[in-house]
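Everything numeric in this text was worked out from a predicted model, so none of it was measured. Numbering of residues begins at 1 and proceeds along the displayed sequence.
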Amino acid sequence: MKQVQQLHAGWRPDIYKETDTVYSRDYFEHLVLERRILVAEQEDTVLGLLSFLYRHVESDKQVTRDVIFIDDLAVTEECRGQGIGTQPLNHVKEKVQAEHLNGLELQVNARNTAARRMYEKFGFTEKSINLELL
């Protein structure tokens with residue numbers, strides 16, 4: 001997570017801060033207790049993680065939907081491009097199907113072209129584009 005946070009801080013220091021702690025211990029334990037975090041590991045070494053949340057979308061203008069939203073997906077720099085990220089993605093995709101939810105969603109930083117390619121290869125399609133005026 002720290003490596004991904006550093007990438008974001010490098011791209012957008014006006015928004016993201018470099019920090020030694022991306023998840024507090026309490027927040028991490030909360031994710032574990034709620035079973036909303038997946039950890040990819042090999043020989044007791046963490047290679048990546050994925051955290052998610054459930055979103056219920058309901059309004060007068062939208063179809064009511066229940067989705068899983070991927071909050072964070074991070075893979076250690078030396079393991080990127082080796083399929084580590086697809087393992088937890090497959091798990092949450094199966095969770096969406098098993099729980100009869102309406103979809104799987106996430107946001108990706110516009111400058112993170114490698115992550116975007118991975119998500120598109122996995123089957124994600126563009127839903128919306130966020131714009132800003134500085």
Side-chain angles (χ1 to χ4, degrees):
M1 287 299 301
K2 185 176 177 183
Q3 291 173 353
V4 172
Q5 184 70 19
Q6 287 174 328
L7 283 175
H8 287 111
W11 291 323
R12 293 298 306 265
D14 57 320
I15 297 174
Y16 299 99
K17 297 191 273 186
E18 290 197 29
T19 179
D20 288 330
T21 305
V22 179
Y23 283 176
S24 70
R25 183 171 186 84
D26 288 344
Y27 184 64
F28 182 81
E29 288 174 355
H30 170 77
L31 291 173
V32 170
L33 285 172
E34 289 198 354
R35 303 178 61 85
R36 293 191 301 115
I37 191 164
L38 305 168
V39 178
E41 62 182 341
Q42 184 177 50
E43 299 175 11
D44 295 327
T45 301
V46 174
L47 306 179
L49 66 80
L50 180 152
S51 69
F52 66 92
L53 51 97
Y54 290 92
R55 279 197 177 157
H56 177 77
V57 180
E58 184 173 357
S59 78
D60 294 339
K61 297 179 267 182
Q62 294 183 358
V63 173
T64 300
R65 303 177 67 237
D66 290 299
V67 301
I68 286 181
F69 183 84
I70 296 172
D71 201 25
D72 290 303
L73 174 59
V75 175
T76 58
E77 188 174 15
E78 59 273 7
C79 294
R80 292 181 194 148
Q82 299 177 25
I84 302 297
T86 59
Q87 296 170 15
L89 284 172
N90 278 322
H91 184 82
V92 290
K93 181 179 176 183
E94 291 168 6
K95 191 174 210 39
V96 166
Q97 294 167 346
E99 296 180 19
H100 306 288
L101 301 175
N102 302 106
L104 181 58
E105 299 179 355
L106 57 82
Q107 283 185 301
V108 61
N109 187 297
R111 296 186 184 180
N112 197 342
T113 55
R116 185 171 177 164
R117 276 192 307 269
M118 181 199 60
Y119 294 134
E120 289 171 346
K121 186 177 175 183
F122 191 81
F124 283 93
T125 58
E126 195 172 273
K127 176 183 169 186
S128 63
I129 299 173
N130 293 337
L131 302 175
E132 68 181 344
L133 180 63
L134 300 175

Might you work through the side chain to side chain contact (heavy atoms under 4.5 Å, CB included) test for Glu105 and Arg65, ending with a clear yes or no? CA-CA 12 Å; Glu105 299 179 355; Arg65 303 177 67 237; 2.8 Å; yes
What do the steps show when you test Tyr16 against Asn109 for side chain to side chain contact (heavy atoms under 4.5 Å, CB included), and what is the final call? CA-CA 12 Å; Tyr16 299 99; Asn109 187 297; 4.2 Å; yes
Check step by step if side chain to side chain contact (heavy atoms under 4.5 Å, CB included) holds for His30 and Asp26. CA-CA 6 Å; His30 170 77; Asp26 288 344; over 6 Å; no
So Glu34 and Tyr54, side chain to side chain contact (heavy atoms under 4.5 Å, CB included) or not? Walk me through it. CA-CA 11 Å; Glu34 289 198 354; Tyr54 290 92; over 6 Å; no
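Atom-to-atom distance recorded for Gln3:CD and Glu78:CD is 6.0 Å, nearest 0.5 angstrom. Annotation: the span from Glu132 atom CD to Asp14 atom CG amounts to 6.5 Å, rounded to 0.5 Å. Note that CE of Met118 is 5.0 Å distant from CG of Leu73, once rounded to the nearest 0.5 Å. Between atom CD of residue Gln82 and atom CD of residue Gln42 there is a gap of 8.5 Å, rounded to the nearest 0.5 Å. In this structure, CG on Leu89 lies 5.0 Å from CD1 on Ile70, to the nearest 0.5 angstrom. Residue Leu50 holds its CG atom at 13.0 Å from CD1 of Ile84, rounded to the nearest 0.5 Å.
Closest approach of Trp11 to Arg111, counting heavy atoms only: O-NH1, 2.7 Å. Residues Asp71 and Tyr27 come closest through the heavy atom pair OD2-OH, 3.9 Å. Heavy atoms only, all atoms of each residue included: Leu106 and Val108 are closest at CD1-N, 4.2 Å. Nearest approach of Lys17 to Gln5, heavy atoms of both residues: O-NE2, 2.9 Å. In terms of heavy-atom proximity, Ile37 sits nearest to Phe28 at CD1-CE1, 3.4 Å. Residues Arg36 and Leu53 come closest through the heavy atom pair NH1-CB, 3.3 Å.
Hydrophobic clustering (ILVMFWY, side-chain heavy atoms < 4.5 Å, transitive): Val75 and Leu38 are in distinct clusters. No path of Ile, Leu, Val, Met, Phe, Trp and Tyr side chains, each step under 4.5 Å between heavy atoms, connects Ile68 with Leu31, placing them in separate hydrophobic clusters. Residue Leu7 is not grouped with residue Val22 when hydrophobic side chains (ILVMFWY) are merged at heavy-atom distances under 4.5 angstrom, including chains of intermediate members. When hydrophobic clusters are built by joining Ile, Leu, Val, Met, Phe, Trp and Tyr residues whose side-chain heavy atoms come closer than 4.5 Å, directly or via intermediates, Tyr119 is grouped together with Val96.
One N or O on the side chain of Asn102 and one on the backbone of Asp66 form a donor-acceptor pair closer than 3.5 Å. The backbone N or O of Ala110 sits nowhere less than 3.5 Å from a side-chain atom of Arg116 that would complete a donor-acceptor pair. The closest donor-acceptor contact from the side chain of His8 to the backbone of Val4 lies under 3.5 Å. Under a 3.5 Å cut-off, the side chain of Arg55 and the backbone N or O of Phe69 do not form any donor-acceptor pair. The backbone N or O of Gln62 lies less than 3.5 Å from a partner atom in the side chain of Ser59, making a donor-acceptor pair.
Ion pairing between a basic and an acidic side chain is recognised when a charged N comes within 4.0 Å of a carboxylate O; Lys2 and Glu77 show no such pairing.
Relative to the ring axis of Phe122, Lys93 places its NZ or CZ within 45° and under 6.0 Å from the centre.
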